[in-house]
Trainee: 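Can you read through this structure? Questions will come right after.
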Amino acid sequence: MPEITDEIKVREEKLKKLRESGIEPYPYSYDIKENISAIVKKYKNKSEEELEKEKIEISTAGRIIAKRIMGGASFFHLTNGKDKLQLYLKKNIVGNENYKLFKSFDLGDFVGVEGKLFKTRTGELTVVVENFEFLSKCLLPLPEKWHGLQDKELRFRQRYLDLFINPGSREIFEKRFKMIREIRRFLDSRDYIEVETPMMQPIPGGAIARPFITHHNALNMDLYLRIAPELYLKRLLVGGFERVYEINRNFRNEGISSQHNPEFTMLEFYQAYSDFEDLIELTEELFQDLIDKGIAPEKIEFEGDEIKLTPPFKKLDFIEAIEKYSPLSKEEILDKEKLINHALKLAGEDNLTPTYGKALDYVFDEYVKENLVQPTFVMNHPEEISPLSKPHRKMPGRTERFELFMAKMELANGFSELNDPEIQLQRFKEQVKDREAGDEEAHLIDYDYIKALQYGMPPAAGEGIGIDRLTMIITGTRSIKEVILFPLLKPKEE
RNA sequence: GGCCCGUUAGCUCAGCUGGUAGAGCAUCUGACUCUUAAUCAGAGGGUCGCAGGUUCGAUCCCUGCACGGGUCACCA
């Protein structure tokens, strides 16, 4: 509970007075004919004369966000969270008592109003209020109107305030959810169907990450919140779904940063009879589509650079990328022992599990990632870091895999799916060795998944796209907390 | 987890070498019938994040803690 300040006392007192004068401060409904955005959109370009002639009666509702009180007539602004509409209240129209009553309403209160539209001297669309009804009380004082709510901590903890006080914040989320809607439409139009797979899994698979553990009481068993839906979506390929996708949360029990939230939203999709090249093409089509639909811009600013989001994107071989941006030669990268030693020296002995996979990851992140500003597909990853990808048809030891990077972030990861159960089992076993070598994040063997593959999975390609990061890209935002409505924060003791 | 920075009125922020705090908005009272960051006159509002320490005296210096931000590490 907030500390009771004088202002809160005043507001509570006003609430009491409303009740005493027979006004229900929390009524059930109000008949709005149009919301504020609709009214503004429809009538803001009408001239003073047109409005005068047409005598447009409106009925709408919203939250009071500004008061300019004068002797016998006052102005208010009403907002629906997105747009605002000015109200003009005149003593000799609503009557003395009502005028006094309306003046006593606080910033943040909800009211419903009826009246005619007109334009003020300065040309602002305004309602002359004829009737009004109190709709809900705001008991706590609002942030300042001019600077809005600046404190990031308060913005995230009390996102509802951020959303209706700071227009930029609302715009980010509108964009996010429009983007998701368009992605669904894009995939639906390509004969995909959207599915749901378990969030609670007995064996967490499909990615390399530490899981959250939970417990089912009735079955007395531990379960893991999923780190990825991958292995379940591929079971659906076995089951005869040829094109499936899921947009949902993944959970990873790892650090929080400007690019990581413990729960984050992932799009994963799988397409039978296709390979990784097909999905690279599809990914580029998706970006083009988002640009065509006005959801993504053609370019964004990033640390003084300009990132072009229009495909085609650059392509870079994984090993050649390391060779290009690190002091290492190709031979040194491919020599497992040399690379592990190099990575260990770079990271410090205690900070890295000494496996080839970890060393590759480390070296890539260390040397390459920071150079990937423009959209770039990194391709043909080594088998050691791609346990679920199909071996490359032309490059031994490599897989048919790609990752899309931009703005120094990984945005997407896709590959031709490994559907040979024997090789898959072999890869899982190698992961177990990594786990024994100290890599806590290596995959566990999912025998049930192997069994599914033994029934036969069609050739297929699959991809995951980080929705939060994609939102960051299209809105030019640098922190993942800005694109997640309620990012995880530690509770604050009151 | 390491390092750096922040935490002062409801909100946005000042606060000098250490002498127990200010502004704007918001709130309250009064004036004002086209204002729009309305204006004008007045008023109230603070455990200076929390706990210790140094000092005659701490918002200020020191230590610890909490929360947040940045960065590095972990991590796709």
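Just so it is clear, the structure is predicted and the values come from calculations on it, not from any experiment. Chain naming here is simple, since letters A, B, ... match the order of the sequence lines and numbering starts at 1 in each.
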Trainee: Write down the distance separating the C1' atoms in B:U29 and B:U63, rounded off to the nearest Å.
Mentor: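 Nearest-Å result for B:U29 against B:U63 at atom C1': 48 Å.
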
Trainee: What is the separation between atom NZ on A:Lys103 and atom P on B:U35, rounded to the nearest whole Å?
Mentor: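 Rounding to the nearest Å, NZ of A:Lys103 and P of B:U35 are 17 Å apart.
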
Trainee: Identify whether any heavy atom of A:Arg157 sits under 4.0 Å from a base atom; if not, whether one sits that close to sugar-phosphate; answer base, sugar-phosphate or nothing.
Mentor: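 Here A:Arg157 touches the backbone only, sparing every base.
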
Trainee: Please report the distance separating the P of B:G70 from the corresponding atom of B:A23, rounded so that it comes out in whole Å.
Mentor: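 B:G70 and B:A23 have their P atoms separated by 33 Å.
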
Trainee: Taking B:U12 as the reference, what is the distance to B:A51 when you measure between their P atoms (whole Å, please)?
Mentor: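 So the two P atoms sit 23 Å from each other.
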
Trainee: Within this structure, what is the OH-to-P distance between A:Tyr362 and B:C74, rounded to whole angstrom?
Mentor: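 Taking atom P of B:C74 as the reference, OH of A:Tyr362 is at 5 Å.
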
Trainee: For the pair made of CE in A:Met70 and P in B:A41, what is the distance, rounded to whole Å?
Mentor: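 Answer to the nearest Å: 18 Å.
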
Trainee: Would you say A:Arg68 reaches B:A38's phosphate, i.e. side-chain N/O to OP1/OP2 under 4.0 Å?
Mentor: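 For A:Arg68, the contact criterion (side-chain N or O under 4.0 Å from OP1 or OP2 of B:A38) is met.
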
Trainee: Would you call the rings of A:Phe364 and A:Phe405 parallel, tilted or perpendicular if under 30° counts as parallel and over 60° as perpendicular?
Mentor: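 Plane angle between 30° and 60°, so tilted.
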
Trainee: To the nearest angstrom, how far is A:Ile165 atom CD1 from B:G10 atom P?
Mentor: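 Going from A:Ile165 (CD1) to B:G10 (P), I get 16 Å.
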
Trainee: Please measure how far the P atom in B:C60 lies from the corresponding atom in B:G2, and state the result in whole Å.
Mentor: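 The same atom, P, in both gives a distance of 24 Å.
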
Trainee: Across the strands shown, which category fits A:Ala209 at heavy-atom distances under 4.0 angstrom: base, sugar-phosphate, nothing?
Mentor: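 Result for A:Ala209 = sugar-phosphate.
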
Trainee: Go ahead and name the base partner of B:A23; Watson-Crick or wobble counts if both distances stay under 3.5 Å, otherwise write none.
Mentor: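 By the stated definition (distances under 3.5 Å), B:U12 pairs with B:A23.
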
Trainee: Any heavy-atom pair between the side chains of A:Lys234 and A:Tyr449 that's under 4.5 Å?
Mentor: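 The answer is yes, as the side chains (C-beta and beyond) meet within the 4.5 Å cut-off.
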
Trainee: Applying salt bridge (charged side-chain N to carboxylate O under 4.0 Å, His left out) to A:Glu124 and A:Lys119, what does each step give before you reach the verdict?
Mentor: CA-CA 5 Å; A:Glu124 178 166 351; A:Lys119 280 214 166 155; over 6 Å; no

Trainee: Does a salt bridge link A:Glu263 with A:Arg249, judged by any charged N lying under 4.0 Å from a carboxylate O?
Mentor: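 Judged by the 4.0 Å cut-off on N to carboxylate O distance, A:Glu263 and A:Arg249 do form a salt bridge.
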
Trainee: Return the nearest nucleotide to the side chain of A:His147; candidates are B:U12, B:G45, B:U33.
Mentor: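 For the A:His147 side chain, the nearest candidate turns out to be B:U12.
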
Trainee: Go through B:U71, B:U35, B:C11 for me and flag the one nearest to the A:Ser258 side chain.
Mentor: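 Nearest listed nucleotide: B:U71.
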
Trainee: Could you check which nucleotide pairs with B:U59 in any of the strands shown, counting Watson-Crick or G-U wobble with both distances under 3.5 Å?
Mentor: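 Checking every strand shown, B:U59 finds no partner, since no pair has both distances under 3.5 Å.
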
Trainee: Using a heavy-atom cut-off of 4.0 Å across all strands, would you classify A:Gly466 as base, sugar-phosphate, or nothing?
Mentor: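 Counting heavy atoms under 4.0 Å across all strands, no contact is made by A:Gly466.
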
Trainee: From the options B:U12, B:U35, B:C34, select the nucleotide whose nearest atom is closest to the side chain of A:Leu149.
Mentor: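 Looking only at side-chain atoms, A:Leu149 lies closest to B:U12.
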
Trainee: Does any donor-acceptor pair link the side chain of A:His260 with the base of B:C75 at a separation under 3.5 Å?
Mentor: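 In this structure, the two groups form a donor-acceptor pair.
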
Trainee: Of the candidate nucleotides B:G10, B:U27, B:U35, which contains the atom at the shortest distance from the side chain of A:Glu144?
Mentor: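 When the side chain of A:Glu144 is considered, B:G10 is the closest of B:G10, B:U27, B:U35.
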
Trainee: Can you list the residues that meet the side chain to side chain contact (heavy atoms under 4.5 Å, CB included) rule with A:Ile172, with sequence neighbours excluded?
Mentor: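 Testing A:Ile172 for side chain to side chain contact (heavy atoms under 4.5 Å, CB included), a comparison that skips the adjacent residues, returns A:Thr475, A:Thr477, A:Val483.
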
Trainee: With heavy atoms under 4.0 Å as the rule, sort A:Thr120 into base, sugar-phosphate or nothing.
Mentor: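 Here A:Thr120 touches the bases of the nucleic acid.
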
Trainee: When the P atoms of B:U71 and B:C11 are compared, how many Å lie between them, rounded to an integer?
Mentor: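 Pairwise P distance, B:C11 against B:U71, rounds to 26 Å.
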
Trainee: What is the nucleic acid contact for A:Lys408, judged by heavy atoms within less than 4.0 Å: base, sugar-phosphate only, or nothing?
Mentor: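 A:Lys408: no heavy atom of the nucleic acid under 4.0 Å.
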
Trainee: With rounding to whole Å, what would you report as the distance between B:G46 and B:A37 at their P atoms?
Mentor: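 Straight-line distance between the two P atoms is 31 Å.
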
Trainee: Of the nucleotides B:U35, B:U12, B:G68, which has the atom closest to the A:Gln150 side chain?
Mentor: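 Among the listed nucleotides, the one closest to the side chain of A:Gln150 is B:U12.
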
Trainee: Just call it for A:Lys481: base, sugar-phosphate, or nothing, with non-hydrogen atoms closer than 4.0 Å on any strand.
Mentor: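 Result for A:Lys481 = sugar-phosphate.
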
Trainee: Counting distance alone, no hydrogens or angles: does the base of B:U35 have a donor or acceptor under 3.5 Å from a partner atom on the side chain of A:Gln86?
Mentor: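 Checked by distance alone, the answer is yes.
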
Trainee: In Watson-Crick or G-U wobble terms, both distances under 3.5 Å, what is the partner of B:C65?
Mentor: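 Paired with B:G49.
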
Trainee: Expressed in angstrom and rounded to an integer, what is the separation of A:Lys152 atom NZ from B:C13 atom P?
Mentor: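 Answer to the nearest Å: 11 Å.
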
Trainee: Identify, between A:Lys90 and A:Leu142, the residue whose nearest nucleotide on RNA chain B lies closer to the 5' end.
Mentor: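 So the residue in question is A:Leu142.
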
Trainee: Going by purine N1 to pyrimidine N3 plus the second Watson-Crick contact, or the G-U wobble pair, all under 3.5 Å, which nucleotide sits opposite B:A38?
Mentor: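 Matched B:A38 with nothing under the 3.5 Å cut-off.
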
Trainee: Provide the Watson-Crick or G-U wobble partner of B:U33, both distances under 3.5 Å; none if there is no partner.
Mentor: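 Base partner found: none.
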
Trainee: May I ask you to check if A:Arg63 and A:Phe164 form a cation-pi contact, with NZ or CZ under 6.0 angstrom from the six-membered ring centre and within 45° of the axis?
Mentor: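 Geometry flag: set, cation within 6.0 Å and 45°.
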
Trainee: Name the nucleic acid region contacted by A:Lys358, choosing base, sugar-phosphate or nothing; use a 4.0 angstrom heavy-atom cut-off, strictly under.
Mentor: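 Result for A:Lys358 = sugar-phosphate.
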
Trainee: Name the closest nucleotide to the A:Tyr88 side chain, picking from B:G70, B:C34, B:C28.
Mentor: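 Among B:G70, B:C34, B:C28, the one nearest the side chain of A:Tyr88 is B:C34.
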
Trainee: Could you please name the partner base of B:C75, counting Watson-Crick and G-U wobble pairs only when both distances are under 3.5 Å?
Mentor: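 Check on B:C75: unpaired, no WC or wobble geometry under 3.5 Å.
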
Trainee: How is A:Arg252 classified with respect to the nucleic acid when contacts are heavy atoms under 4.0 Å: base, sugar-phosphate, or nothing?
Mentor: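 Answer is sugar-phosphate: A:Arg252 comes under 4.0 Å of backbone atoms only.
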
Trainee: Between B:U33, B:A73, B:C28, which one does the side chain of A:Glu366 approach most closely?
Mentor: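 Given the options B:U33, B:A73, B:C28, the side chain of A:Glu366 is closest to B:A73.
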
Trainee: Nearest to the A:Leu489 side chain among B:C75, B:G10, B:G68, which nucleotide is it?
Mentor: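 Within the option list, the nearest is B:G68.
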
Trainee: In whole Å, what separates the P atom of B:U20 from that of B:A58?
Mentor: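 It works out to 11 Å between them.
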
Trainee: Picking from B:C28, B:C34, B:A26, which would you name as closest to the side chain of A:Glu7?
Mentor: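 For the A:Glu7 side chain, the nearest candidate turns out to be B:A26.
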
Trainee: Nearest whole Å is fine: how far is B:C11 P from A:Lys145 NZ?
Mentor: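 In whole Å, B:C11 P lies 17 Å from A:Lys145 NZ.
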
Trainee: Which value, in whole Å, describes the distance between the P atoms of nucleotides B:C28 and B:A38?
Mentor: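 Their P atoms lie roughly 15 Å apart.
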
Trainee: Expressed as a whole number of angstroms, how long is the span from A:Ile69:CD1 to B:U29:P?
Mentor: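 It is 10 Å, rounded to the nearest whole Å.
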
Trainee: For the ring pair A:Phe118 and A:Tyr88, is the centre-to-centre distance below 6.0 Å?
Mentor: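 Yes, they do, as the ring centres are separated by less than 6.0 Å.
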
Trainee: Going by the angle between their ring planes, with limits at 30° and 60°, are A:His342 and A:Tyr367 parallel, tilted or perpendicular?
Mentor: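 The rings of A:His342 and A:Tyr367 sit tilted, inter-plane angle from 30° to 60°.
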
Trainee: Want to settle it: does A:Phe364 or A:Arg121 sit nearer the 5' end of RNA chain B, counting the closest nucleotide to each?
Mentor: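 Result of the comparison: A:Arg121.
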
Trainee: When the distance from NZ of A:Lys490 to C1' of B:U7 is rounded to whole Å, what number comes out?
Mentor: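 Distance check: A:Lys490 NZ to B:U7 C1' gives 16 Å.
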
Trainee: Within the structure shown, what part of the strands sits under 4.0 Å from A:Asp151 by heavy-atom distance: base, sugar-phosphate, or nothing?
Mentor: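 Since only primed, P, OP1 and OP2 atoms lie under 4.0 Å of A:Asp151, the category is sugar-phosphate.
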
Trainee: Using a heavy-atom cut-off of under 4.0 Å over every strand shown, decide if A:Glu124 touches base, sugar-phosphate, or nothing.
Mentor: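 Contact class for A:Glu124: base.
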
Trainee: Just checking, any donor-acceptor pair under 3.5 angstrom between side chains of A:Asn380 and A:Arg401?
Mentor: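 No, A:Arg401 and A:Asn380 have no side-chain donor paired with an acceptor closer than 3.5 Å.
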
